[in-house]
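Computed over heavy atoms, backbone and side chain alike; hydrogens, waters and symmetry mates excluded. Per chain, numbering begins at 1; letters A, B, ... match sequence-line order.
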Amino acid sequence: MKKKDLPQDDSGLKGFTREVCYVKNSDGKYESGLSSGWDVKNEALENAWGDINEQIEEAKQAIAAGEKSPIYYYFIKNLMDFQVLSGYTGFWKFSIKKHMTPKGFAKLSDKKLAKYANAFNVSIEELKTPKL
Amino acid sequence: MVKDYKHIQTAHCENGVITSLLQHQGLDFMTEPLAFGMGAGLFYIHIPYMKVNGGPMISFRAMPGGIFSKTCKSLNVELDKRKFKDELTAQKYLDEKVAQGIPVGCQVGVYNLSYFPKEYRFHFNAHNLIVYGKEGDTYLISDPVMEEVTTLSTNDLNKVRFAQGVLAPKGHLYYPKSIGKVDKTTIQKAIISGINRNIIYMYRAPGPVIGATGIKGTANKIRTWRDKLGARKAGLYLGQIVRMQEEIGTGGGGFRFLYAAFLEQAADHLQNDKLMPISDQFTKAGDLWRSSAVQMAGIYKGRLTEQKDFDHTADIMTEISAIEYNAFKQLAKLNLK
C-alpha cells in the first residue's frame, strides 16, 4: 500500500486513537503512517454488532415468553461464552445451562446469585429483574 | 515511576511491547518490523470445526506470546515471566518491579479495558500493554496500539489482568531480566533464524489448514458458503475474516506489509539485495488481502449476492496463497545461514 492510499475514514477509533500501518513512501521505502479508520473494516464491525444486537433482542423475547432466565440475557448481552462465564463464576457449563432456565434460576441461592451479579457487573436486584 | 520511559506506538501490541522494552534496555536498533520478523510472526491458520464468536476460527499471526519469546531467545534476552493464582500477589509483584524502575509487560483481556472504544471490546485475552509507573491508585500505562500513554485504576488493571475465558492471562507479566552480548552478528543470526522459522510455518507445513496452502483451503470453503450457510450467515463469516485481518492488535493485510517492511530492513542488516524483490511480493500479497476485504465487504453489506461474487473472493485468496507460497519458497532457496 502506498502512503497516499492509506484510508482516513471515520471510525469507532475517533477520539481514542489512530492505527499504525506500514506503507510505502514516495521513495518506495517502508515507513509507518497513521490511519483514522477504514470503511471496509467499520462495516464488518457494524455487521458483527448488528448480529449481537439481534441476539440480545431474541434473548429479551425469550425471557418475556418465560423460556429463559435473566442469566441467559446477561450472558448474551456481555458477549460471553461458557468458558468466560465459567471462569468468572466457578460454575460448570452444565450448571450454567440449568441456571439459564427459569426453573433452575428460581432455585439459586443468594450466594450463587451474587457470583453471577459480580460476573455481569450488576446488582442482585438488577440480575433478578433486568431492565429489558 | 520508570525514568526516561519512551512510549512507542506500533501496529500490533506484541511487537510493540517487545520493541519498547528492548529499546528501553538499550537495544536501540529494535523496530517493530524487526521484532515481528525475528519472532517469525507471519502466519495463517484456519482451524477446522472450531468457531469463534459463531464464525470461522482464523488467525493471521503466530500464537500469542510466540513472537515475544522467539525474538528474545534469538537476542540472548533472558525474561522474567510469571503467572499468578490471585490478584493481590500479582498486584504486589507488579508494584515491586515498577517501584524498582522496571517497565513491565502485562497480558490483559480487552473486554474491560476502559480506555478502548466500546465497539472494539470483545472477550479477547491476548492483548499486551506496558506498565511504566504508579501514582497513588493509578497505573501509568503505555499501550502500544494507542497514540498516547494512558492510565488505569488499580481495580481496572487487576480486572483485565484476571480476565476469564480462552487464553485467560492469569496476571501474566514479563520483562527482560538480563541481556547478553548483542552485536551485528547476533542481529543477523536472529533475522535469519526468524526467516527460517517462518519458512516452516508458511511454506513447509502441508495441507489446507496452516500456512500459504491454508489460505487456499479457506478459499475453497468460501466457494461453498453461499449454498451451505445462506447469504446472511455467509456474510457474517466473511465479516469475521476481515475483522481478524484488520482489527486493532491483529492485521492480515497489515501483517503482510509489516513482513515486507521487515525484509526491507533485513536486506539492509544482512547486506543482501536478494531480499528486496521478495519484500515486494509481500507488499503485493498485502494489497491483495485488502482487495479481498473490499470484495467481502460488498457481500456482507448485501450489495453482492451471487455465487460468482463468492467465487471472485475465493479467486483473490487463491492468488494470495500462490504469492505467499512462492515468496517463502524463494526465501527457502536463498538458504540463509
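- Taking 4.5 Å as the limit, every side-chain heavy atom of B:T10 sits out of range of all side-chain heavy atoms of A:E19.
- The environment of B:K170 atom NZ is sparse: at most 12 non-hydrogen atoms of other residues, nucleotides or ligands sit within 6.0 angstrom.
- In this structure, the side chains of A:N47 and B:L236 come closer than 4.5 Å at one or more pairs of heavy atoms.
- Considering all non-hydrogen atoms of both residues, A:A48 and B:R243 come closest at CB-NH1, 3.4 Å.
- When B:G55, B:P33, B:G16 are compared by the number of non-hydrogen pairs under 4.5 Å with chain A, B:P33 comes out ahead.
- Within the 4.5 angstrom heavy-atom criterion, only backbone atoms of B:F162 (N, CA, C, O) approach chain A.
- The 12-atom threshold is not exceeded at CD of B:E148, counting heavy atoms of other residues, nucleotides or ligands nearer than 6.0 Å.
- For A:K14, no part lies under 4.5 angstrom from a heavy atom of chain B.
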For B:F257 and A:V23, what are the C-alpha separation, side-chain angles and deciding distance, and is it a side chain to side chain contact (heavy atoms under 4.5 Å, CB included)? CA-CA 7 Å; B:F257 297 131; A:V23 286; over 6 Å; no
Candidate pair B:D280 and A:K24, rule salt bridge (Lys or Arg N to Asp or Glu O under 4.0 Å), full reasoning: CA-CA 10 Å; B:D280 289 341; A:K24 286 227 171 195; 3.3 Å; yes
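- Of the possible donor and acceptor atoms, one in the side chain of B:Q9 sits under 3.5 Å from a partner among the backbone N and O of A:R18.
- Rounded to the nearest 0.5 angstrom, A:L13 CG and B:M146 CE are separated by 8.5 Å.
- Contact tally against chain B (heavy-atom pairs below 4.5 Å) for A:D5, A:L34, A:V84: the top residue is A:V84.
- Residue with the most contacts toward chain A among B:G239, B:A168, B:A261: B:A261 (heavy-atom pairs, distance under 4.5 Å).
- Residues A:V40 and B:A297 come closest through the heavy atom pair CG1-CB, 3.9 Å.
- The number of heavy atoms from other shown groups lying within 6.0 Å of NZ (A:K97) does not exceed 12.
- Comparing A:E54, A:E46, A:E31 by how many heavy-atom pairs each has under 4.5 Å with chain B, the most go to A:E54.
- Residues B:R290 and A:M1 have side chains in contact (heavy-atom distance under 4.5 Å, counting atoms from C-beta outward).
- Contact annotation for A:D39: neither backbone nor side-chain heavy atoms come within less than 4.5 Å of a heavy atom of chain B.
- With a 4.5 Å cut-off on non-hydrogen atoms, A:L85 does not touch chain B at all.
- Residues B:V242 and A:W38 fail the side-chain proximity criterion, which asks for heavy atoms closer than 4.5 Å.
- Across every non-hydrogen atom of B:Y120 and A:L45, the tightest pair is CZ-CD2, 3.7 Å.
- A side chain to side chain donor-acceptor pair (under 3.5 Å) with A:Y22 is found for one member of B:R256, B:E264, B:E32 and no other, namely B:E32.
- Within 6.0 Å of atom CH2 in A:W92, 12 or fewer heavy atoms from other residues, nucleotides or ligands are found, so the atom counts as exposed in its surroundings.
- In this structure, the separation between CG on B:D268 and NZ on A:K29 is 6.0 Å, given to the nearest 0.5 Å.
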May I have the step-by-step check of side chain to side chain contact (heavy atoms under 4.5 Å, CB included) for A:T17 and B:V145, ending in yes or no? CA-CA 8 Å; A:T17 189; B:V145 305; 5.8 Å; no
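- A 6.0 Å sphere centred on CG of A:D27 holds more than 12 heavy atoms belonging to other residues, nucleotides or ligands.
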Please step through side chain to side chain contact (heavy atoms under 4.5 Å, CB included) for the pair B:T283 and A:Y30, ending with a clear verdict. CA-CA 10 Å; B:T283 304; A:Y30 266 101; 2.7 Å; yes
Show your working on side chain to side chain contact (heavy atoms under 4.5 Å, CB included) between A:M80 and B:H123 and close with a plain yes or no. CA-CA 7 Å; A:M80 288 180 169; B:H123 292 279; 3.7 Å; yes
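- Looking at B:N112, only its side chain comes within 4.5 Å of chain A, counting heavy atoms on both sides.
- At least one side-chain heavy atom of B:F122 sits less than 4.5 Å from a side-chain heavy atom of A:I52.
- Salt bridge A:D51/B:R232: present, at least one basic N to carboxylate O contact under 4.0 Å.
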